[in-house]
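Here's the structure, in structure tokens; my notes come after.
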Protein chains: 2
Amino acid sequence: MLDERSKSVLLAVIQCHINSPGPVGSRAVTKKYPFGLSPATIRNIMSDLEEMGFLAQPHTSAGRVPTDLGYRYYVDTLKDDNHFTNNELVTELNKKLEVIRQDINTVFDEASRMLSSLSHYIGISVSPNAATSTLSKIELIKYRENQLAVIMFTDEGIIKNKVITIDPELSQSNLNRIAEYINAQHTGHTVEEIKEKVIRDLSQDRLRCDDLISQAVRICRDIFSSSPGNVYISGLSEVLQLPDFCDIDKIKELLRAIEDKHIILRLLDQISEAAGMQIFIGSENPLEEMKNLSMVVSTYREGNRPIGAIGIIGPTRMNYQQAITIVASTANYITDMLSNK
Amino acid sequence: MLDERSKSVLLAVIQCHINSPGPVGSRAVTKKYPFGLSPATIRNIMSDLEEMGFLAQPHTSAGRVPTDLGYRYYVDTLKDDNHFTNNELVTELNKKLEVIRQDINTVFDEASRMLSSLSHYIGISVSPNAATSTLSKIELIKYRENQLAVIMFTDEGIIKNKVITIDPELSQSNLNRIAEYINAQHTGHTVEEIKEKVIRDLSQDRLRCDDLISQAVRICRDIFSSSPGNVYISGLSEVLQLPDFCDIDKIKELLRAIEDKHIILRLLDQISEAAGMQIFIGSENPLEEMKNLSMVVSTYREGNRPIGAIGIIGPTRMNYQQAITIVASTANYITDMLSNK
DNA sequence: ATTAGCACTCGATCATGGAGAGTGCTAAAC
DNA sequence: GTTTAGCACTCTCCATGATCGAGTGCTAAT
């Protein structure tokens, strides 16, 4: 569909544009990438590329700017080549990652900060959705007259608190019985599975020991009701340095896109359903607010099951190669952390 | 120092300036606040006020703008009058506060969001510093080979997790003994006090039961080592709507001021040492980055002891009256929550 | 098929000038 | 003595227009 020469020109234009913002002209291309062709020829090729939808002209007699489609083509060739093992970057990254090893519970916060500091774009990460985590242990602690603290430990080592209001009559010893029951019967299953199973099993028993059981059912329903992961977003100040966000409206647009963590959470949850890396370029983004931004995300896994996602949000004029490297490495690192320990 | 008439003019100028940005001229003052004086007279008075440092002129033949000193004077009269019981606002506020009643552990996050949505400035809040909280219960749960989860409950009902790396030999039953010891001897004291006491007491015992005790000392040191409160900051998107942040540099400045949560944390910790409300106007701010912003903060208390702070950050051209009302009410609300339950 | 040359277009930058807002000063009015 | 009207002056803001430079598209020559 695209002959070799046009392809090189397209990639050259994109490379130029990533290096410095603003439309890129035919002469600039010949200077940076000496094909042995004159600017006039490049102009003709660029004109063809525009017709095919890979480039666009902000106005007559400006240079060309890659379209979302152009970037898509570029990113796809990057993936094919997958020579995106920029070694210096990977070692710097691993050095930084080493530092955050310690505690899986803080790794997601750290990861978002790291993603942004390395890429100079927005770093996002979401801790695993409890619903898909496998429970390893649960503790129920009555710490106030009518309040119960639920402490859940997942197989990945994540600790999650939850406060539930309970009948003041309910004693700690009865809570212990409920906790023991859950621990004995259900650890190793995902919270989603447990919720169904526990409620089903207990409901069958209801005929026998009515009062405690019915309370237990209610508590379990609360315990295992959805408790989404946390979203961590960093790097606003990084991104404001970029020339891409030089005017107020761009900034407002960006903020509108990332201000509501719930939206980002839902987005990443959705992405987490498919494994591996995904790249959304401009208008490809599922979110209207992000149609002028790009997003590079990857899921991380526990075993083979993807349980969460991390990524980078930046301008469509993004250094995709670098972003892909950073996101992929970080995701792998988290996957390792979740599996090894 | 300031005769009654000059004072009214100053307050009028400030009021005008708060209502709409930009320098305010003598004619505008006479229109909005008919003193029965002509613009020329007002001009003379404003000239005097400038000489005294309450007003400033961006350039010859522009109107006047209040200086930090001018705002300081204004705020002080507000406090004297303390007629800042804007009733509609207070009821709206209480209605919103009612909603977040539920769980003290999420109230600080909610509070920052609420502060910003009501004031349209940046809302900040910090959860209590664990060091000054009184411990009501502690649980030590070994959940991995060499990892210990510490769950601390404070008298205010706050739950705090911490992960500590331990010797894999240390058994759950020994951990239980340590927890029991702490719970029996030390609840009701602040974490700070406990840290000292436990380590002192245990160290004395060291002669007897060496191995367990020395491990216990190490663990307690980790448990009770400083674990600062969390900082919650909201409202960036609110504040970008304001005309005060219409240019890029202002925004960058603002972001530089609030991007590092650790700095805000230290600032609010410092503020928490004195009770009550504090207002920092422009250059009065302890932080260099905030010398063009204002901050209205109040501590909240547990009993009589201030244990944390919440507040609002906005432009020096801030609606102080409203901000004071919002911050004071919210702080009171949190204080109530901490005391009643 | 490629290239050199040239006219043309458009944005960015800068100087110009008039309008408007607001001041400071002075002299008159109260 | 205080207040006010009047007026000249200053400064910002905005629209206008000229110039410059980058880059294109087209045509004719290679």
Side-chain angles (χ1 to χ4, degrees), chain A residues 2-10 12-17 19-67 70 243-244 246-247 249-250, chain B residues 2-10 12-14 16-17 19-67 70 243-244 246-248:
Chain A
L2 218 53
D3 63 89
E4 208 49 43
R5 203 179 58 174
S6 309
K7 187 174 154 183
S8 332
V9 172
L10 175 57
V13 170
I14 291 177
Q15 208 56 255
C16 280
H17 189 247
N19 289 145
S20 65
V24 6
S26 54
R27 226 174 81 87
V29 173
T30 57
K31 273 200 174 171
K32 281 226 167 179
Y33 301 84
F35 297 107
L37 294 175
S38 79
T41 313
I42 300 292
R43 273 206 288 283
N44 289 329
I45 299 171
M46 282 165 77
S47 173
D48 295 347
L49 286 168
E50 181 174 1
E51 213 171 329
M52 288 188 271
F54 293 116
L55 296 178
Q57 235 175 344
H59 57 86
T60 343
S61 99
R64 254 73 168 208
V65 163
T67 61
D244 306 77
C246 58
D247 89 283
D249 290 330
K250 295 262 177 60
Chain B
L2 219 55
D3 63 89
E4 207 50 44
R5 203 178 57 174
S6 309
K7 187 175 155 182
S8 332
V9 172
L10 175 56
V13 170
I14 290 177
C16 279
H17 189 248
N19 290 145
S20 65
V24 6
S26 53
R27 227 174 80 87
V29 173
T30 57
K31 273 200 172 171
K32 281 225 166 177
Y33 302 84
F35 297 105
L37 294 176
S38 78
T41 313
I42 301 291
R43 273 205 288 284
N44 290 327
I45 299 171
M46 282 165 79
S47 174
D48 294 347
L49 287 169
E50 182 175 3
E51 213 171 329
M52 287 186 272
F54 293 116
L55 297 177
Q57 234 175 346
H59 57 86
T60 342
S61 98
R64 255 71 170 208
V65 164
T67 59
D244 306 77
C246 58
D247 89 282
I248 282 276

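Quick note on labels: first sequence line is chain A, next is B, and so on, each numbered from 1.
Looking at residues two or more places apart in sequence or on another chain, you find a side-chain contact (heavy atoms from CB on, under 4.5 Å) between B:Thr67 and B:Ala56, B:Leu69. Partners of B:Lys31 by side-chain contact (heavy atoms from CB on, under 4.5 Å), not counting sequence neighbours, listed by chain and number: B:Arg27. Contacts of B:Asp48 classified as salt bridge (Lys or Arg N to Asp or Glu O under 4.0 Å), with partners at least two apart in sequence or in another chain: none. In this view, A:Ser38 and A:Thr41 satisfy the side-chain hydrogen bond (donor to acceptor under 3.5 Å, both in side chains) rule, not counting sequence neighbours. Take A:Lys250 and apply the salt bridge (Lys or Arg N to Asp or Glu O under 4.0 Å) test, not counting sequence neighbours, and it matches A:Asp247. Residues satisfying the side-chain contact (heavy atoms from CB on, under 4.5 Å) criterion with A:Ala28, sequence neighbours excluded, are absent altogether.
For residues 43-60 of chain B, proximity to DNA chain D is found at B:Arg43, B:Asn44, B:His59, B:Thr60, defined as any non-hydrogen atom under 4.0 angstrom from a strand atom. DNA chain D lies under 4.0 Å from at least one heavy atom of each of the following residues of residues 19-39 of chain A: A:Gly25, A:Ser26.
Both B:Ser61 and B:Ala40 lie near DNA chain D, and the one whose nearest nucleotide falls closer to the 5' end is B:Ala40.
In this structure, A:Val13 and A:Leu49 have side chains that are not in contact, with every pair of non-hydrogen atoms separated by 4.5 Å or more. The shortest distance between side-chain heavy atoms of B:Leu37 and B:Arg5 falls below 4.5 Å. For the pair A:Ser8/A:Phe35, a side-chain contact is recorded, criterion being any heavy-atom separation below 4.5 Å from C-beta on.
In 5' to 3' order, the nucleotides of DNA chain C bounding all contacts with chain A (an atom under 4.0 Å from a heavy atom) are C:dT2 to C:dG11.
Judged as a ring-ring contact (aromatic ring centres under 6.0 Å, His included), the pairs with a partner in residues 41-65 of chain B (not counting sequence neighbours) are, in order, B:Phe54-B:Tyr73. Residue pairs meeting the salt bridge (Lys or Arg N to Asp or Glu O under 4.0 Å) criterion with at least one partner in residues 50-64 of chain B, sequence neighbours excluded, are B:Glu50-B:Arg64.
Scanning all heavy atoms of the two residues, the minimum distance from A:Ala12 to A:Val29 falls at CB-CG1, 4.1 Å. Minimum heavy-atom separation, B:Val9 to B:Met46: CG1-CG, 4.1 Å.
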N/O contacts under 3.5 Å, protein versus nucleotides 27-30 of chain D?
none

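An OP1 or OP2 oxygen of D:dT3 is reached within less than 4.0 angstrom by a side-chain nitrogen or oxygen of B:Arg5.
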